[in-house]
Amino acid sequence: MARTGRGEYGRTVLTRSSPSPLFADWPTGETDVWMSHGDAITEAPPGFTATASSPDAPVAALHDPDRRIHGVQFHPEVVHTARGQEVLERFLFDVCGALPTWTHTNIIEASVAAVRAQVGSARVLCALSGGVDSAVAAALVHRAIGDQLTCVFVDTGLMRAGEGEQVEETFRRQFQVDLIHVKASDRFFSVLAGVTDPEEKRKAIGETFIRIFEDVAQDVEGARFLVQGTLYPDVIESGTRDAANIKSHHNVGGLPEDMAFDLVEPLRALFKDEVRAVGEELGLPEDIVWRQPFPGPGLGVRIIGEVTPERAEILRAADAIVLEEVRKAGLYRELWQSFAVLPAVRTVGVMGDGRTYAYPIIIRAVNSDDAMTADWARLPYDLLERLSSRIINEVDGVNRVALDITSKPPGTIEWE
Ligand code: XMP
């Protein structure tokens with residue numbers, strides 16, 4: 001039997017009302033949980049016993065020990081539930097009898113074996129973006145099949161500062177991967193000339209990337225497989241029929257639909273934190289493993305208005321200062337993303353005796369768990385001061401720095 005109420009979520013107190021293996025280790029009979037104040041079970045069905053309650057929910061947890069069925073009506077997976085992780089562990093280990101064998105070493109061993117079994121002696125291609133997912137996927141596949149792997153890095157001219165060099169250093173020199181580095185910025189800037197609409201930009205960048213990748217792929221003899229850094233959340237998301245398509249998140253490096261490749265997806269069962277742990281274990285540098293997310297279309301969607309080489313240069317220089325100072329302040333890992341945005345408008349300023357007429361730079365920094373929602377980050381004033389003075393002094397073409405204090409919703413993390 002159930003009743004429905006306000007449908008809001010919030011923190012409440014859960015009180016154990018009858019012994020349950022899920023709550024076996026609680027020192028007191030109570031804990032904080034995150035719960036809907038809306039739908040509530042008012043009475044346990046036949047065969048079940050209520051094992052916990054909250055002020056709003058008489059049956060906040062229940063079980064039928066004979067049939068070994070357990071249910072909870074709160075959210076054990078969210079951080080606001082104090083002993084949530086423990087409840088999940090008790091369920092998995094004690095009730096289901098699962099073994100905690102999902103370790104990073106085992107993940108690597110299992111993936112290596114699966115990749116070898118899947119590809120045999122065929123050639124495999126991997127598009128590196130500079131981001132953590134494609135880097136870990138490539139390193140894992142390289143561990144499995146060595147020089148059967150060819151990696152392709154397309155420099156779109158819209159990457160962060162130093163990204164191309166780092167890919168070269170890590171993959172060509174450290175891992176000795178067969179790497180094709182395509183310097184294609186001219187081609188990207190020419191297709192972006194005159195384009196200001198965000199979706200058109202994404203499309204132009206995505207299509208150009210695919211065309212370049214196809215050309216390269218044709219030259220790699222016998223390439224039958226393509227590595228994709230698909231993660232478990234992508235698998236879940238693409239499986240939800242009604243997931244709202246708010247922006248076409250065209251991931252540059254994504255698979256063109258008509259390409260005749262079989263996919264190798266070694267990260268398909270992993271969450272981001274697991275991908276990072278695997279990356280560390282494989283010996284990837286910290287800079288890559290802990291890199292903040294970066295959109296596939298790169299700086300292209302952080303230049304608001306037409307994308308030109310000059311604007312990309314200005315934004316890349318400002319962005320490098322943001323990242324350097326955020327790192328120095330010890331906030332890089334804590335922030336979900338921190339970056340610079342360049343709206344293509346000019347504002348008036350003064351410098352020395354003269355008047356300037358130059359671009360503003362917007363600083364965007366957010367905290368988030370999954371990018372679905374985000375909070376604007378309260379950066380310390382002294383950091384903001386350093387950012388403002390360094391960007392204006394060191395980056396030609398910028399005379400003003402502003403801070404974006406919009407959370408998501410209603411804003412999005414990126415400006416386009
Ligand atoms: P928004 O701006 O929608 O971004 O709040 C959510 C997350 O997705 C990233 N993002 C993209 N990633 N291709 C990508 O691969 C894209 O076109 C794209 N647009 C946004 C964004 O950086 C944030 O982490």
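Fair warning: this is a prediction, and the values are worked out from it, not measured in the lab. Whatever order the structure lists them in is the order used to number ligands and atoms, beginning at 1. Keep in mind that the numbers below use all heavy atoms, side chains included, and drop hydrogens, waters and symmetry copies.
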Please list, one pair per line, the donor and acceptor atoms closer than 3.5 Å that link side chains of residues 176-192 to other protein atoms, with sequence neighbours excluded.
residue	atom	partner	partner atom	Å
Asp178	OD2	Thr150	OG1	2.8
His181	ND1	Glu168	OE2	2.8
Ser190	OG	Arg187	O	3.2

**Report entry** Set of ring pair (Phe, Tyr, Trp, His ring centres under 6.0 Å) partners for His75, sequence neighbours left out
**Finding:**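 Scan of His75 (ring pair (Phe, Tyr, Trp, His ring centres under 6.0 Å), adjacent residues dropped) gives Tyr9.
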Query raised in the report: Evaluating non-hydrogen atoms only, which member of Arg202, Glu199, Gln337 is closest to atom 19 (N) of ligand 1?
Result: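 The option holding the nearest heavy atom is Arg202.
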Query raised in the report: Is the shortest N/O to N/O distance between Ile413 and ligand 1 below 3.5 Å?
Result: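 Between Ile413 and ligand 1, an N or O pair is found under 3.5 Å apart.
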**Report entry** Closest to atom 18 (C) of ligand 1 among Pro295, Gly206, Pro293 (heavy-atom distance)
**Finding:**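 Ranked by closest heavy atom to atom 18 (C) of ligand 1, first place is Pro295.
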Query raised in the report: Considering distance alone, does some N or O of Ala371 sit under 3.5 Å from an N or O of ligand 1?
Result: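 By distance alone, the answer is no.
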Query - Close side-chain approach of Val13 and Val33, heavy atoms under 4.5 Å - result: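 No; the side chains remain at least 4.5 Å from each other.
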Report task. Answer yes or no on whether Arg173 is positioned over the face of Phe171, meaning its NZ or CZ is under 6.0 Å from the six-membered ring centre and within 45° of the axis. Result ->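 No; the conditions do not both hold, so Arg173 does not lie above the ring face of Phe171.
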Report task. Would you check whether Trp336 reaches within less than 4.0 Å of ligand 1, judged by its heavy atoms? Result ->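 Yes.
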Query raised in the report: Can an N or O of Arg302 be found at a distance shorter than 3.5 Å from an N or O of ligand 1?
Result: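 For ligand 1, there is no N or O atom that lies under 3.5 Å from one belonging to Arg302.
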Query raised in the report: Quick one: which ligand 1 atoms are inside 4.0 Å of a heavy atom on Gly296?
Result: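 Answer, ordered by atom number: 12 (N), 13 (N), 14 (C), 15 (O).
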Requested in this report: Please work out which of Lys201, Glu414, Glu416 has its closest non-hydrogen atom nearest to atom 22 (O) of ligand 1.
Outcome: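 Considering heavy atoms of Lys201, Glu414, Glu416, the nearest to atom 22 (O) of ligand 1 sits in Glu414.
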Query raised in the report: Is Arg160 close enough and on-axis enough to Phe294, meaning under 6.0 Å and within 45°, for cation-pi?
Result: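 So Arg160 does make the cation-pi contact.
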Requested in this report: List every atom of ligand 1 that sits less than 4.0 Å from any heavy atom of Pro297, numbering the atoms from 1 in the order shown and giving each element.
Outcome: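 Those qualifying, in numeric order: 13 (N), 16 (C), 17 (O).
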Query - Enumerated ligand 1 atoms positioned under 4.0 Å from heavy atoms of Lys408 - result: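 So the answer, numbered in order with elements, is 1 (P), 3 (O), 5 (O), 6 (C).
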Report task. Could you walk me through whether Thr105 and Glu281 pass the side-chain hydrogen bond (donor to acceptor under 3.5 Å, both in side chains) test, one step at a time? Result -> CA-CA 8 Å; Thr105 316; Glu281 185 111 356; 3.1 Å; yes
Requested in this report: Measure up the Phe209 and Phe213 rings against each other and bin them: parallel (under 30°), tilted (30 to 60°), perpendicular (over 60°).
Outcome: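 Rings of Phe209 and Phe213: parallel, under 30°.
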